[in-house]
Every structure is written in structure tokens, then in C-alpha cells.
Amino acid sequence: VDESGAIEIHDGRHPVVEQMLKDSLFVPNDTFMGEKEDRVAIITGPNMAGKSTVLRQVAIICLLAQTGSMVPATRARLGLVDRLFSRVGASDNLAQGQSTFMVEMMETARILRQATKRSLVILDEIGRGTSTYDGVALAWAVVEDLAARAHGEVRTLFATHYHELTALEKRVPGVFTMNIAIREYGGDILF
């Protein structure tokens with residue numbers, strides 16, 4: 001852990017998922033985000049490929065490192081994180097008149113208001129609670145806002161099925177794409 005804004009994880013693993021997959025192979029993976037560039041990662045890939053696992057894995061590794069715990073990685077260099085923001089999963093608060101979509105938007109708005117250049121933001125499937133075109137527009141706007149916030153220094157991992165968002169890599173400074181790769185191996189699918 002240092003004062004930089006970088007996230008460099010070599011052969012990172014999700015400690016809980018790895019334990020749950022006792023009979024299967026968990027494939028370690030790398031995550032790199034620069035100190036001032038490549039700060040918003042758009043992560044794409046098929047269902048069940050591990051996009052959500054990667055988001056959580058990076059957050060867990062940052063949290064464990066800052067508490068002085070063992071880090072499930074071959075090597076890691078992590079810039080200090082002041083706040084960890086997460087918008088993952090679907091939930092509602094119907095008793096108070098808040099649909100799943102409303103809860104998602106309220107939580108996302110809070111993240112956009114409070115994230116700093118030292119924060120780590122993980123977002124999973126923003127915009128899925130509404131129509132496709134509205135969802136793409138919302139997700140696009142959230143990525144653009146995070147890429148501009150704190151002079152483009154908010155570290156963000158954004159998992160999505162909206163492949164249209166990959167166009168932001170060429171249009172918005174600091175945005176880059178990551179893809180969960182798939183391969184057939186020994187008659188099985190390896191993610």
C-alpha cells in the first residue's frame with residue numbers, strides 16, 4: 001500500500017470463490033490501473049464469466065491490504081483507498097415505495113456525489129433495471145461522470161453487458177476496456 005493512485009494486482013484471486021470451487025480451478029487474473037491514466041475500466045464478457053467476481057476480488061484485495069492482512073495475489077501494489085463504494089446486486093425497498101430501479105439510482109447518485117480521487121468504485125450492471133436504451137444512456141452517463149470526477153482520478157471498475165459502452169474507450173480520457181476471456185480446455189469451458 002502506498003500513496004500512489006495505482007492498482008496493480010498480479011495473479012489475484014477471490015479468496016471466498018476460490019474456496020467454494022474446491023473441485024474446479026480458479027484462474028488467477030491480473031488487474032492494472034494507472035496512477036493518473038486508465039482509471040475507469042469497462043469490464044465485458046458473457047454471463048457467468050466472472051465479471052462480478054473480478055469487481056469484488058479487487059475490492060477485497062484493497063481492503064485486506066489496507067488492514068495488513070494476507071493478500072490473495074502473487075504481488076500487489078495498491079494506492080491508498082479512502083472509501084470503497086459498491087453498487088452490486090438487485091434490491092428494493094417496496095415498503096417505502098422504492099423499486100429496484102429507484103434503489104439502484106439512489107445508490108449510484110450517492111456514489112457520484114461522494115467519490116474522491118482516492119476512492120475505489122465497483123459498479124455491476126448499472127442501468128439493467130429499466131429499458132435497454134434508457135439503461136445504456138444511464139450507464140454511459142455514469143461512466144462519463146466518473147471519468148471526469150476528481151479530474152479523472154476516481155478508480156472505477158464497471159461491469160456491464162452493454163457492449164456499446166466499449167466505445168467510450170476511444171472517446172473519454174481515462175476509460176479503458178477489459179474482457180473476460182473464454183477458452184475450451186479439456187472438454188470444459190475455462191473463463
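- You'll find the side chain of R155 reaches within 4.5 Å of the side chain of V81, heavy atoms only.
- Contact record, G12 with A73: CA-CB, 3.9 Å, taken as the closest heavy-atom pair.
- Side-chain atoms of L138 and F101, non-hydrogen and from C-beta on, do get closer than 4.5 Å to each other.
- Shortest non-hydrogen contact noted between I7 and C62 is CD1-SG, 4.3 Å.
- Atom CG in L55 sits 10.0 Å away from atom NE2 in H14 (nearest 0.5 Å).
- At least one side-chain heavy atom of Y162 sits under 4.5 Å from a side-chain heavy atom of R128.
- V1 and L64 fall into different hydrophobic clusters, where Ile, Leu, Val, Met, Phe, Trp and Tyr residues are linked whenever their side-chain heavy atoms come under 4.5 Å apart, directly or through other members.
- Separation of atoms CD1 (I61) and CD (Q66) is listed at 13.0 Å; rounding is to 0.5 Å.
- When each of D38, L157, V40 is tested with M33 by the rule side chain to side chain contact (heavy atoms under 4.5 Å, CB included), just one qualifies, namely L157.
- Residues T160 and I42 are in side-chain contact: their nearest non-hydrogen atoms beyond the backbone lie under 4.5 Å apart.
- Using a 4.5 Å heavy-atom cutoff, the side chains of R77 and S4 are in contact.
- No side-chain heavy atom of T74 sits less than 4.5 Å from a side-chain heavy atom of P28.
- Within the model, atoms CD of E37 and CD of E153 stand 10.5 Å from one another, a figure rounded to the nearest 0.5 Å.
- Taken to the nearest 0.5 Å, the OG1 atom of T53 stands 9.0 Å off from the CG atom of N29.
- I43 and K51 make their closest contact through O-CD, 3.6 Å (heavy atoms, listed as atom of the first residue, atom of the second, distance).
- With I9 as the fixed residue, the side chain to side chain contact (heavy atoms under 4.5 Å, CB included) test singles out one of D30, V54, L78: L78.
- In the hydrophobic clustering of this structure, W140 does not group with F176; members are Ile, Leu, Val, Met, Phe, Trp, Tyr whose side-chain heavy atoms approach within less than 4.5 Å, directly or through other members.
- V175 and F158 fall within a single hydrophobic cluster, where Ile, Leu, Val, Met, Phe, Trp and Tyr are joined by side-chain heavy atoms under 4.5 Å apart, directly or via other members.
- Not one N or O on the side chain of R87 forms a donor-acceptor pair closer than 3.5 Å with the backbone of I126.
- Distance check: N179 CG to T166 OG1 gives 9.5 Å after rounding to the nearest 0.5 Å.
- With hydrophobic clusters built from ILVMFWY side chains whose heavy atoms lie under 4.5 angstrom apart, L120 shares a cluster with M178.
- Looking only at side-chain heavy atoms (C-beta outward), T130 and M105 stay at 4.5 Å or farther from each other.
- Separating the CD atom in Q57 from the CD atom in E18 is a distance of 9.0 Å, to the nearest 0.5 Å.
- Annotation: side chain of V58 is not in contact with side chain of I122 (no heavy-atom distance under 4.5 Å).
- Among residue pairs with one or both ends in residues 112-127, those qualifying as side chain to side chain donor-acceptor pair (under 3.5 Å) are E3-R118, S52-D124, D82-T116, D82-S119, T116-S119, E125-H161; sequence neighbours excluded.
- In this structure a side-chain-to-backbone donor-acceptor pair under 3.5 Å is missing from R56 to V88.
- Exactly one residue among I111, L165, L123 makes a side chain to side chain contact (heavy atoms under 4.5 Å, CB included) with V142. That residue is L123.
- Residues L112 and V172 share a single hydrophobic cluster, defined by chaining ILVMFWY side chains whose heavy atoms lie under 4.5 Å apart.
- Heavy-atom neighbours of R83 CZ from other residues, nucleotides or ligands within 6.0 Å: above the threshold of 12.
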